[in-house]
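Report on the structure given below.
Being a predicted model, the structure only gives us computed values, none of them experimental. Residues take their numbers from the sequence shown, with the count starting at 1. First listed ligand is number 1; within each ligand, the first listed atom is number 1.
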Amino acid sequence: MGQSITARAHTNIALIKYWGKQNPELIIPYNSSLSMTLDHFYTDTTVRFSTDLTADQISFNGAIADTKTSTQMSQFLDLIRKQAHLPLFAAVETINHVPNAAGLASSASGYAALAAAGSRAAGLELNDRDLSRLARRGSGSATRSIYGGFVEWQRGTNDLDSYAVPVQETVDWDIQMIAIVLNDRQKAIASRAGMANTVATSPYYPAWVETAQAAIPAMKAAIVKKDINLVGQLAEQSAMQMHATTLSAVPPFTYFEPETLQAIKVVQTLRQQGVSCYYTMDAGPNVKVICASQETPQILAALAPYFSPEQLLVAKPGPGVSYR
Ligand code: DP6
């Protein structure tokens with residue numbers, strides 16, 4: 001019986017978004033992206049390869065995973081089996097401390113944790129770069145969750161040169177995110193399908209790639225300067241430019257819901273009143289507010305008439321992958 005390994009990976013929120021794949025099979029993106037890993041949302045995954053099993057056994061928060069998830073995770077385990085020359089099935093237990101499919105990117109922490117626990121359980125000793133490359137094969141955003149703090153996924157052109165690098169692993173300045181969980185319904189259009197449609201049909205897509213690439217050095221400079229206003233402005237721009245590609249797709253679609261605009265409006269009003277706060281959004285209706293901790297009470301108070309306390313989750317920069 002193989003060794004049982006547990007890994008923890010935290011989710012991340014992109015400040016400069018990843019949106020579109022030049023190679024869908026290998027998950028090579030058209031543009032580089034840059035994210036912040038969060039402390040509060042993470043996944044713990046335990047993997048054990050065993051001669052006793054006749055199929056992969058995959059559970060989520062104590063229940064057997066649905067067929068689609070199991071199939072995707074088995075395909076990912078195949079990559080590990082191939083790399084390790086290990087012809088054994090695995091038992092995988094995942095505990096998600098992330099609201100599932102609510103736009104808080106549980107696939108990022110999920111595949112980063114599975115890559116870490118799975119590769120070690122299979123006897124592979126991957127360095128962080130190779131772990132990042134492996135996680136990428138599960139979900140693009142997982143590429144970045146190997147590291148803590150601010151992380152850049154350098155797009156590259158192939159399996160070998162598309163991986164994440166740390167930009168600032170220890171964040172010693174005041175920046176945080178308030179995640180506004182508007183609803184935890186499953187996404188109507190998964191990010192994978194959404195980005196594929198956009199790449200194929202939006203006339204704005206080439207402009208997206210160009211602006212996203214140009215935003216990366218600007219964001220890195222803002223992080224080095226610890227300039228929360230510039231980080232926030234650039235993040236907000238990147239998010240809205242990404243969402244503009246969905247509105248311009250054929251047929252058009254959007255991840256916005258009425259409550260999304262409500263949340264954005266609160267942020268805009270606060271800013272007019274001199275409060276430093278900025279919004280970002282992923283492939284779902286939830287809004288994340290970027291701010292410094294001293295502004296948090298005022299922002300939470302302004303959101304309180306519209307959202308319940310359970311819908312407002314405050315997170316700070318978090319760490320990279322660890323083993324339990
Ligand atoms: C909008 O990483 O979920 O959150 O690679 O198809 O698994 P796949 O997509 P995924 O997409 C994330 C898109 C995003 C932006 C981001 O996290 O950079």
Side-chain angles (χ1 to χ4, degrees), residues 9-38 41 43 68-69 71-73 75-76 79 98-115 132-147 150-156 159 162-164 167 177 179 186-200 205 208-209 212-213 215-216 219 234-246 249 253-256 260 279-288:
H10 291 247
T11 194
N12 69 78
I13 300 294
L15 301 172
I16 305 299
K17 304 295 180 190
Y18 144 55
W19 196 244
K21 300 173 178 73
Q22 44 173 306
N23 182 329
E25 203 220 317
L26 295 174
I27 312 197
I28 312 296
Y30 271 111
N31 64 280
S32 296
S33 52
L34 199 154
S35 58
M36 187 172 104
T37 302
L38 302 183
F41 310 123
T43 300
K68 188 171 166 239
T69 309
T71 308
Q72 279 173 359
M73 286 174 65
Q75 282 167 358
F76 185 80
L79 299 172
V98 183
N100 243 340
L104 287 177
S106 61
S107 71
S109 54
Y111 277 103
L114 183 61
S132 173
R133 289 177 46 233
L134 175 61
R136 192 198 73 231
R137 302 290 298 274
S139 183
S141 49
T143 312
R144 301 181 304 239
S145 268
I146 302 305
Y147 299 100
F150 294 103
V151 185
E152 179 189 2
W153 175 12
Q154 300 180 335
R155 61 179 171 178
D159 181 44
S162 185
Y163 50 78
V167 169
M177 279 191 197
Q186 292 281 324
K187 302 182 212 177
I189 302 169
S191 47
R192 195 156 290 190
M195 67 176 88
N197 288 345
T198 306
V199 170
Y205 191 73
W208 158 258
V209 176
Q213 281 308 112
I216 295 276
M219 181 59 88
L234 292 166
E236 200 174 284
Q237 266 166 29
S238 176
M240 292 307 103
Q241 285 164 356
M242 175 201 124
H243 287 277
T245 69
T246 77
F253 65 101
T254 184
Y255 293 104
F256 285 59
T260 307
Y279 55 88
T280 184
M281 281 178 69
D282 294 294
N286 296 337
V287 174
K288 293 105 193 177

- Message: Less than 4.0 Å is my threshold; does some heavy atom of Arg136 fall inside it relative to ligand 1?
- Response: no
- With only distance considered, is Asn12 within less than 3.5 Å of ligand 1 through an N or O on each side? no
- At a 4.0 Å threshold, what atoms of ligand 1 neighbour a non-hydrogen atom of Ala14? 16 (C), 17 (O), 18 (O)
- Query: Do any N or O atoms from the side chain of Ser238 and from the backbone of Lys17 form a donor-acceptor pair under 3.5 angstrom?
  - Reply: yes
- Task: For residues Leu134 and Phe76, report the shortest heavy-atom separation together with the two atoms involved.
- Result: O-CE1, 3.1 Å
- Ala142 N/O under 3.5 Å from ligand 1 N/O: no
- Report the residues that fulfil salt bridge (Lys or Arg N to Asp or Glu O under 4.0 Å) with Arg133, sequence neighbours left out, ordered by chain and then residue number. Asp130, Asp159
- With no hydrogens and no angle check, is any side-chain donor or acceptor of Asn23 less than 3.5 Å from a backbone partner on Glu25? yes
- Query: Which atoms form the tightest heavy-atom contact between Phe256 and Met240, and what is the distance?
  - Reply: CZ-SD, 3.9 Å
- Query: Which ligand 1 atoms does Gly140 reach within 4.0 Å, using its non-hydrogen atoms?
  - Reply: 2 (O), 5 (O), 7 (O), 8 (P)
- Item | side chain to side chain donor-acceptor pair (under 3.5 Å) evaluation trace for Trp153 with Ser162 | CA-CA 7 Å; Trp153 175 12; Ser162 185; 3.1 Å; yes
- Query: By number and element, which atoms of ligand 1 are closer than 4.0 Å to a non-hydrogen atom of Ser141?
  - Reply: 2 (O), 3 (O), 10 (P), 17 (O)
- Query: Where's the contact between Ser107 and ligand 1, heavy-atom distance under 4.0 Å: side chain, backbone, both or neither?
  - Reply: side chain
- Can you list the ligand 1 atoms lying under 4.0 Å from a non-hydrogen atom of Lys21? 5 (O), 6 (O), 8 (P)
- Proximal ligand 1 atoms for Met242, defined as those under 4.0 Å from one of its heavy atoms: 1 (C)
- Message: For Ser141 versus Ser107, what's the shortest heavy-atom pair and its separation?
- Response: OG-OG, 3.9 Å
- Item | For ligand 1, the portion of Ser139 having any non-hydrogen atom under 4.0 Å away | both
- Item | Ligand-residue contact atoms, ligand 1 with Ala283, heavy atoms, under 4.0 Å | 1 (C)
- Message: Heavy-atom pairs closer than 4.0 Å: do any link ligand 1 to the side chain of His243, the backbone, both, or neither?
- Response: neither
- Message: Once side chain to side chain contact (heavy atoms under 4.5 Å, CB included) is applied, do any residues pair with Thr37, and if so which ones, sequence neighbours excluded?
- Response: His10, Asn12, Val151
- Task: Examine the side chains of Asn31 and Trp208 and answer whether a donor and an acceptor come within less than 3.5 Å of each other.
- Result: yes
- Ser191: numbered ligand 1 atoms lying under 4.0 Å from its heavy atoms: 3 (O), 9 (O), 10 (P), 11 (O)
